[in-house]
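This structure is a prediction, so every number in the text was calculated from the model and none was measured. As a basis for the values below, the full set of heavy atoms in this structure was taken, side chains included, without hydrogen atoms, waters or symmetry mates. Every number for a ligand or one of its atoms is a count from 1 in the order of the listing.
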Amino acid sequence: MMKKILAAFIAAFALLSCTSQKQGDADTAQENKVLVLYYSQTGATKTVAEEIQNQLGADIEAIEVETPYDGDFQQTIERCQKEMAENTLPALKPMKANIEDYDVIFLGFPVWFGTYARPIATLVADNAFEGKKIVPFCTFGSGGIEACTEDLKKALPKAEIATGYGVRNARIAAAGKELNRFLIEWEYKKGEIEALPAFMEHKPVTDAEAQIFDEACGDYQFPLGTPADVAIRETEDATEYEFGVVSKGEDGSEAQSTIYVVVGKEDGSKPEFTKVVR
Ligand SMILES: Cc1cc2nc3c(=O)[nH]c(=O)nc-3n(C[C@H](O)[C@H](O)[C@H](O)COP(=O)(O)O)c2cc1C
């Protein structure tokens, strides 16, 4: 009898916590009105934007350029270089959403030339986002969320620029799970996550670690450098490496970067680099 009562109590409690969990998510999005505002040229950032929209139940709007960047990679590079040389910015189509209606704006973009894509440069030149909380998110070939966040802080001194989320376009499939952690960790939605352990201290790389680095980075379209030291941490799902890397800059000078590599614990997981921080 006692067991039955206990089971019923546990079941009712589980149901209650489930419902309040759902309710909690909706409340968070409602208390703080959230807009996901993004520019995406080739669709990677759009995928991440829609994932954030789904996880938060937020409003969403794509930023559109009057004259779209619809060329291939090389043509886009050339158009950007011309615009940068001439100091011009692309005109944007009028936005439908009224920024004033929102408290928190998730601002998404691809990384172009180490900073936010040019349509975002127009957006931040035209809007001060005064008093708004901006959460940057981006997709990239190798990295750039940290530099973009710093650039946004300079461009929008009257807004609060929060810690952002970035993902390599080659790893977009990992975004859903990573965003779940990110959104809970920074309290944009409710939920439980395990705290991650800190990285251990950096040590010179062993041959085995250098091989993991090569497997993760060797196929990338540009050389990413040589790992000098590494710190490791074990999480529930993966072994993560923080490599201190030495590379040659464009002018031949030595440059330092940090490259993060993850090796999943499932059988057959291949090392992948998650981002380069320059
Ligand atoms: C003009 C241009 C410049 C780029 N510059 C960088 C860069 O500096 N660093 C980087 O990691 N990726 C760079 N990329 C790659 C894009 O950031 C990446 O492909 C992104 O996921 C595209 O997002 P989208 O599909 O939403 O347009 C660049 C791409 C283009 C077209």
task = Give a yes or no on whether the backbone of Thr88 and the side-chain of Arg118 come within a donor-acceptor separation of less than 3.5 Å.
result = yes

ask   = Can you list the residues that meet the side-chain contact (heavy atoms from CB on, under 4.5 Å) rule with Ser142, with sequence neighbours excluded?
value = Tyr220, Phe273, Val276, Arg278

Interatomic spacing from CD1 in Ile184 to CD1 in Ile193 - rounded to 0.5 Å = 5.5 Å

Please output the side-chain donor-acceptor pairs of residues 169-178 that fall under 3.5 Å, not counting sequence neighbours, one pair per line with the distance.
from: Arg171; atom 1: NE; to: Glu272; atom 2: OE1; distance (Å): 2.8
from: Arg171; atom 1: NH1; to: Glu178; atom 2: OE2; distance (Å): 3.1
from: Arg171; atom 1: NH2; to: Glu178; atom 2: OE2; distance (Å): 3.2
from: Lys177; atom 1: NZ; to: Asp237; atom 2: OD2; distance (Å): 2.9
from: Glu178; atom 1: OE1; to: Tyr165; atom 2: OH; distance (Å): 2.7

Do any side-chain atoms of residues 149-157 form donor-acceptor pairs under 3.5 angstrom with protein atoms, and if so which ones, sequence neighbours left out?
from: Thr149; atom 1: OG1; to: Ile145; atom 2: O; distance (Å): 2.7
from: Glu150; atom 1: OE2; to: Lys153; atom 2: NZ; distance (Å): 3.4
from: Asp151; atom 1: OD2; to: Thr115; atom 2: OG1; distance (Å): 2.7

task = Assert yes or no for the condition that the ring centre distance of Tyr69 to Trp112 is strictly below 6.0 Å.
result = yes

Residues in contact with ligand 1, criterion: heavy atom under 4.0 Å = Ser40, Gln41, Thr42, Gly43, Ala44, Thr45, Phe73, Thr76, Ile77, Pro110, Val111, Trp112, Phe113, Gly114, Thr139, Phe140, Gly141, Ser142, Gly143, Asn169

